[in-house]
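For the numbers below, each heavy atom of this structure counts, side chains included, while hydrogens, waters and symmetry mates do not.
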Amino acid sequence: MLICATCAVEYDEPTPEDCPICSDDRQYLPATGQRWTTLGELAAAGQQLTWIDNEPGLTGVGTHPSVGIGQTMQVLTTPAGCIIWDPVGYVDDAACARVLALGPVLAIASSHPHMFGAQVEWSRRLGNPPVLVAEADREWLGREDPVVEFWSGSREITKGVTLHQVGGHFRGSGVLHWDAGADGDGVLLTGDSVFPNPDHRSVGFMRSYPNHIPLSGAVVERIVNQLEPLRYERIYGNFNNSVTADAKAILRASADRHIAWIGGDFDYLT
């Protein structure tokens, strides 16, 4: 198993010449070209995982130094067990022991292919829980394994924790709704599907964040409408970026702003 050094997604061997995910217009290959790495190589270089308690039941796990894109994995703990969200591209036995101390792992899922990370490897070391991949993003799967299960639409993982496919960034892009989060007011884990901005008071909607390709107004409106039935107070993105209060109202206001700019309403300001 090899790992793309740029996006940190795992691939079966023989690997492609270039990582398909990084070659796509949503991501990029560095000017120095494709480079592959391994868990052994990362461990030998002193790779570490960092842990932060976001709120009761939700722990963020990052990499230091950053592996690939450098996303923050979320470990969501429920009475039935744990869910791994947006797995990072590095895993070691100490981290798995720490996760399993919280309870059995029910599933591993990601918001979109950029966040696949070392998802199969995490599963193998955590007792082979299912790795849930959106059917619409099947073509981006770099490492096939019996633990991979495909889903579409919505999928309840355990009571009060449900995957919802919203599309946009990728056709299969999804969010994870945690009903008991935020002291019972609800939490959305969104990855790049809905991206909390640095001001913590707005969110973004993009096909490509590094290459600055926006989504259309119609797609943004569709995403907001799909999320409308859900109850949530907070949003966590894939870099531990967050909207900590009034998230549902902020999502609507951010969508209105995006749609207005895309539609030319504010061209007089440019």
Side-chain angles (χ1 to χ4, degrees), residues 1-29 34 36 68-69 71 73-74 83-89 91 105-158 161-177 188-195 205-211 213 215-216 219 222-223 226-227 237-238:
M1 184 266 286
L2 293 180
I3 298 169
C4 174
T6 301
C7 70
V9 171
E10 62 186 354
Y11 281 86
D12 291 322
E13 297 185 61
T15 54
E17 181 177 351
D18 290 327
C19 169
I21 288 175
C22 291
S23 301
D24 178 67
D25 67 357
R26 280 161 286 207
Q27 182 55 11
Y28 58 88
L29 283 170
Q34 179 66 48
W36 301 98
I69 294 171
Q71 74 256 34
M73 178 176 90
Q74 300 292 340
I83 295 101
I84 301 291
W85 176 252
D86 281 348
V88 293
V91 56
V105 177
L106 305 176
I108 296 170
S110 55
S111 54
H112 65 288
H114 292 150
M115 300 292 109
F116 281 170
Q119 57 186 5
V120 170
E121 193 64 29
W122 275 98
S123 175
R124 288 184 174 180
R125 298 191 186 204
L126 290 169
N128 297 312
V131 172
L132 304 178
V133 174
E135 175 65 42
D137 291 335
R138 178 193 286 258
E139 67 185 283
W140 300 104
L141 185 64
R143 187 180 182 191
E144 298 185 4
D145 192 273
V147 298
V148 175
E149 296 181 11
F150 296 99
W151 68 281
S152 296
S154 295
R155 173 157 174 166
E156 185 179 61
I157 296 175
T158 189
V161 182
T162 305
L163 283 166
H164 296 280
Q165 181 183 348
V166 297
H169 184 55
F170 274 77
R171 289 190 301 121
S173 284
V175 303
L176 188 68
H177 181 241
L188 278 184
L189 305 181
T190 60
D192 284 347
S193 306
V194 173
F195 191 87
F205 311 86
M206 300 286 280
R207 173 175 173 82
S208 171
Y209 291 87
N211 298 325
I213 307 172
L215 294 175
S216 73
V219 169
R222 186 195 74 203
I223 291 171
Q226 287 177 266
L227 296 175
N238 50 343

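Without hydrogens or angle criteria, Gln165 side chain to Gly153 main chain gives a donor-acceptor distance under 3.5 Å. Distance alone, capped at 3.5 Å, is enough to place a donor-acceptor pair between the Gln34 side chain and the Cys19 backbone. Using modelled atom types, one side-chain atom of Asp12 and one backbone atom of Glu144 make a donor-acceptor pair closer than 3.5 Å. With hydrogens and angles disregarded, no donor-acceptor distance shorter than 3.5 Å links the side chain of Arg207 to the backbone of Ile213. Tyr209 contributes a side-chain N or O that, together with a main-chain N or O of Asp192, makes up a donor-acceptor pair within less than 3.5 Å. Without hydrogens or angle criteria, Glu13 side chain to Met1 main chain gives a donor-acceptor distance under 3.5 Å. In this structure, Ser193 contributes its side chain and Gly174 its backbone to a donor-acceptor pair below 3.5 Å. Proximity of a side-chain donor or acceptor of Gln71 to a complementary backbone N or O of Gly237 within less than 3.5 Å is not detected.
Contact annotation: the side chain of Asp86 never approaches that of Leu189 to less than 4.5 Å [non-hydrogen atoms, C-beta and beyond]. Between Leu141 and Phe150 the shortest side-chain heavy-atom distance falls below 4.5 Å. The shortest side-chain heavy-atom distance between Gln226 and His164 does not fall under the 4.5 Å cut-off. Using a 4.5 Å cut-off on side-chain heavy atoms (C-beta onward), Phe116 and Cys4 make no contact. Two residues are said to be in side-chain contact when any heavy atoms from C-beta on lie closer than 4.5 Å; Leu188 and Val194 fail this criterion. Counting heavy atoms from C-beta outward, Ile108 and Val147 have side chains that stay 4.5 Å or more apart. Using a 4.5 Å heavy-atom cutoff, the side chains of Leu132 and Ile157 are in contact. Side-chain contact between Asn211 and Arg26 is absent, with no heavy atoms from C-beta onward closer than 4.5 Å.
Taken to the nearest 0.5 Å, the CD1 atom of Ile3 stands 10.0 Å off from the CH2 atom of Trp36. Note: Phe170 CZ to Ser110 OG = 10.0 Å, rounded to the nearest 0.5 Å. With rounding to the nearest 0.5 Å, the separation of CZ in Arg222 from CZ in Phe205 is 12.0 Å. Interatomic distance, OG of Ser152 versus CG of Leu163, reported as 11.0 Å (0.5 Å rounding). To the nearest 0.5 Å, atoms CD1 (Ile84) and CG (Leu106) are separated by 10.0 Å.
The shortest non-hydrogen separation linking Leu29 to Ser23 is CD1-OG, 3.6 Å. Across Ala134 and Gly172, no two heavy atoms sit closer than the pair CB-O, 3.4 Å. In this structure, Val166 and Ile223 approach most closely via the heavy-atom pair O-CG1, 3.7 Å. Between Asp137 and Pro113 the shortest heavy-atom distance is OD2-CD, 3.5 Å. Residues Gln27 and Cys7 share a closest heavy-atom pair of NE2-CB, 4.4 Å. Nearest approach of Pro16 to Tyr11, heavy atoms of both residues: CD-CD2, 4.0 Å.
Heavy-atom contacts from other residues, nucleotides or ligands closer than 6.0 Å to CD of Glu17 number 12 or fewer.
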Assess whether side-chain contact (heavy atoms from CB on, under 4.5 Å) is satisfied between His177 and Leu227, documenting all intermediate values.
CA-CA 10 Å; His177 181 241; Leu227 296 175; over 6 Å; no
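Pairs passing the side-chain hydrogen bond (donor to acceptor under 3.5 Å, both in side chains) check and including a residue from residues 113-133, sequence neighbours excluded, read Asp93-Arg125, His112-His114, His114-His169, Glu121-Arg125, Glu121-Arg143, Arg124-Asp145.
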